[in-house]
Amino acid sequence: MTTAACPGSFDPITNGHLDVIERAAASFDELVVACTRNAGKHDLFSLEERVGMIEEVTGHLGNVTVASFDGLLVDFCAERGVRVIVKGLRAVSDFEYELQMAQMNGRLGEVETLFLTTSPVYSFLSSSLVKEVARFGGDVSDFVPETVARRLTARLAP
Ligand code: PNS
């Protein structure tokens, strides 16, 4: 049985993330969505809130679980016997950073990183942009699941 991890900060989860999670879940026996803080980003939602939203919108996927972690992703993977990390790649601009992380994780632990290319319909989406749109009162309902859109509006709309 192969378990893969789909890591990210998911602040908040977008339809692009969900697309990658659904496709990864279809490719592995078990998938754990691993949510953590990204030290380089400012949090809008707490880790608990983010995990809650991910649980809500992945509830239809029987082989998906959600967990949060602090520290290194490779340590999280080692603790759970996970050998495969799945990440989504939107554009060439993602590649350099993702390649660096994949190679560093490969040096730090016994993990293989596999990339799924983002569906073209979501290639422009990011949590940061969605937050910016919501902050200025824009409609984000095409970009995030309904429950996330409601929370974004409640937290950010002017
Ligand atoms: O969704 P993001 O913010 O692009 O995800 C980045 C994330 C959280 C996957 C990355 O920052 C991470 O793995 N953080 C955990 C700490 C860690 O292991 N750092 C070394 C990565 S090579």
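Since we're looking at a predicted model, the values are computed, not measured. Just follow the structure's listing: the first ligand is 1, and inside any ligand the first atom is 1. Side-chain atoms are counted along with the backbone in the values below, which use heavy atoms only and exclude waters and symmetry mates.
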Any donor-acceptor pair under 3.5 Å linking the side chain of [X] with the backbone of [Y]?
X      : Y      : value
Asn63  : Leu31  : no
Thr118 : Ser123 : no
Arg50  : Thr36  : yes

Can you pull out the closest protein heavy atom to [atom]? Residue, atom name and distance to 0.1 Å, please.
atom                    : result
atom 10 (C) of ligand 1 : Met101 SD, 3.9 Å
atom 5 (O) of ligand 1  : Gly8 CA, 3.5 Å
atom 4 (O) of ligand 1  : Lys41 NZ, 3.6 Å
atom 21 (C) of ligand 1 : Asn105 OD1, 3.9 Å
atom 6 (C) of ligand 1  : Asn38 ND2, 3.9 Å
atom 20 (C) of ligand 1 : Leu72 CD2, 4.1 Å

- Determine, counting only non-hydrogen atoms of the protein, whether one lies under 4.0 angstrom from atom 17 (C) of ligand 1.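 There is a protein heavy atom less than 4.0 Å from atom 17 (C) of ligand 1.
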- Under 4.0 Å from atom 12 (C) of ligand 1, is there any protein heavy atom? no
Give the atoms of ligand 1, by number and element, whose distance to some non-hydrogen atom of [X] is under 4.0 Å.
X      : answer
Met104 : 22 (S)
Thr36  : 8 (C)
Gly71  : 15 (C), 16 (C)

- Task: Find the distance between OG1 (Thr117) and CZ (Arg90) and round it off to the nearest 0.5 Å.
- Result: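 Here the interatomic distance stands at 13.0 Å.
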- Point-to-point distance, once rounded to the nearest 0.5 Å, from OG1 of Thr113 to CG of Leu73: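 Atom-to-atom, Thr113:OG1 and Leu73:CG are 7.5 Å apart.
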- Exercise: do Ser9 and Asp11 side chains pair donor with acceptor under 3.5 Å: no
- Message: Can a side-chain donor-acceptor contact be found between Ser119 and Asp19 if the only test is distance below 3.5 angstrom?
- Response: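 On atom types as modelled, these side chains qualify, holding a pair under 3.5 Å.
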- Item | Leu125 vs Val130, side chain to side chain contact (heavy atoms under 4.5 Å, CB included): CA-CA, chis, key distance, verdict | CA-CA 7 Å; Leu125 258 187; Val130 168; 3.6 Å; yes
- Item | Any N/O pair Ser9/ligand 1 closer than 3.5 Å |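 Min N/O separation from ligand 1 is below 3.5 Å for Ser9.
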- N/O of Leu73 under 3.5 Å from N/O of ligand 1, yes or no?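 Between Leu73 and ligand 1, an N or O pair is found under 3.5 Å apart.
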- Query: Can you tell which part of Lys87 has a heavy atom less than 4.0 Å from ligand 1: side chain, backbone, both or neither?
  - Reply: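 The part of Lys87 near ligand 1 is the side chain, not the backbone.
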- Is there side-chain contact between Tyr122 and Thr14, with heavy atoms separated by less than 4.5 Å?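 Answer no - side chains too far apart.
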